[in-house]
Chemist: 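Pasting in a structure now, in C-alpha cells, and then I'll have a few things to ask.
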Amino acid sequence: MGIIRSFVVVSGVVSLLGGCASWGSVTLGEKNVTRCFLAKNVSKMQGPTGVADTFVGGGKVYVITSFSWDDPEQEGGPHVMTYRWYTGDRLVSQGSMNVESSLPPLNVWSGIQASVLGVGKHRVKVYVDDTFAVSRDFVVLEQE
C-alpha cells in the first residue's frame with residue numbers, strides 16, 4: 001500500500017488562526033494540547049488552509065496539533081509523535097516521528113491521502129510519547 005505521509009514541525013503558524021472547526025484541548029502531563037484541527041492543505045510558509053471536517057477522496061487530510069507546557073521558559077525537549085488513522089474501528093495507517101521542541105508552542109502536522117481511507121467516517125488519534133493526546137473525527141466524500 002503506497003501511503004504518503006507528510007510530517008513537518010513548525011512554530012507559531014497555528015497560533016495565528018482565529019476560529020475553525022474541531023478545536024480541542026486536553027491535559028497531557030506537562031504537555032498540553034492547546035489546539036487540534038483538520039485541514040485540506042498545509043505549507044511551511046502559509047501554515048494550514050482549508051480547515052474542515054469534510055474532505056474529498058482526491059485530496060489530502062492533515063491533522064495539526066499545537067502543544068504548550070506549564071513553564072513557557074522551559075524547553076519541551078524530544079518527543080515521539082504517533083498518528084493512527086482509522087476507518088471505523090479498523091486501523092488503516094500509522095506513522096511516527098521524532099520531534100525536538102524548543103520554547104512553546106510546538107506545532108506539528110501529519111497528513112494522509114483521503115483515498116487511502118476511502119469514502120466514509122474516519123478518525124485520527126494523536127499520541128505523544130506513547131500517551132494518547134487527542135483525536136479528531138472527519139468524513140471523506142466521493143471525489144468531485
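Quick note: numbers below take in every heavy atom, side chains included, and nothing from hydrogens, waters or symmetry partners. Model, not experiment: these values are computed from the prediction.
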Chemist: For the residue pair Ala114 and Val56, what are the closest heavy atoms and their distance?
Modeler: CB-O, 3.3 Å
Chemist: Once rounded to the nearest 0.5 Å, what's the spacing between atom CG of Leu38 and atom CG of Asp53?
Modeler: 6.0 Å
Chemist: Using the rule that Ile, Leu, Val, Met, Phe, Trp and Tyr join whenever any side-chain heavy atoms are under 4.5 Å apart, tell me whether Tyr86 and Val128 fall into a single cluster.
Modeler: no
Chemist: Is there a donor-acceptor pair closer than 3.5 Å between any side-chain N or O of Arg84 and the backbone N or O of Leu91?
Modeler: no
Chemist: How about Val124 and Val61: do any of their side-chain heavy atoms sit closer than 4.5 Å?
Modeler: no
Chemist: Judged by atom type as modelled, is there a donor-acceptor pair below 3.5 Å linking the side chain of Asn98 to the main-chain atoms of Val80?
Modeler: no
Chemist: Might you point out which heavy atoms bring Pro78 and Glu100 nearest each other, and give the distance in Å?
Modeler: CB-OE1, 3.4 Å
Chemist: Side chains of Lys121 and Asp137, heavy atoms from C-beta outward: is any pair under 4.5 Å?
Modeler: no
Chemist: Should Tyr83 and Val99 be counted in the same cluster of Ile, Leu, Val, Met, Phe, Trp and Tyr side chains packed under 4.5 Å apart?
Modeler: yes
Chemist: If you take all heavy atoms of Gly118 and Val140, which pair is closest and at what distance?
Modeler: O-CB, 3.3 Å
Chemist: Are Val139 and Ile64 co-members of a hydrophobic cluster defined by side-chain heavy atoms under 4.5 Å apart?
Modeler: no
Chemist: Please report the interatomic distance OH(Tyr62) to CD1(Ile112), rounded to the nearest 0.5 Å.
Modeler: 11.5 Å
Chemist: Among all residues two or more places apart in sequence or in another chain, which pass the ring pair (Phe, Tyr, Trp, His ring centres under 6.0 Å) test with Phe55?
Modeler: Phe138
Chemist: Looking at every non-hydrogen atom in both residues, tell me the closest pair between Lys40 and Ala52 and how far apart they are.
Modeler: CE-CB, 3.8 Å
Chemist: Please name the pair of heavy atoms, one in Val63 and one in Cys36, separated by the smallest distance, quoted to 0.1 Å.
Modeler: CG2-SG, 3.8 Å
Chemist: If I take atom CZ from residue Phe37 and atom CH2 from residue Trp109, how far apart are they, to the nearest 0.5 angstrom?
Modeler: 10.0 Å
Chemist: Using side-chain heavy atoms (C-beta onward) and a distance below 4.5 Å, is Val108 in contact with His79?
Modeler: no
Chemist: Could you tell me the separation between the CG atom of Asn41 and the CD atom of Gln46, rounded to the nearest 0.5 Å?
Modeler: 9.0 Å
Chemist: Closest heavy-atom contact between Phe67 and Ala133?
Modeler: CE2-CB, 4.5 Å
Chemist: List for me each residue that meets side-chain contact (heavy atoms from CB on, under 4.5 Å) alongside Ser135, sequence neighbours excluded, and say none if there are none.
Modeler: Arg123, Lys125, Phe132
Chemist: State, with a plain yes or no, whether a side-chain heavy atom of Tyr127 is found less than 4.5 Å away from one of Ser96.
Modeler: no
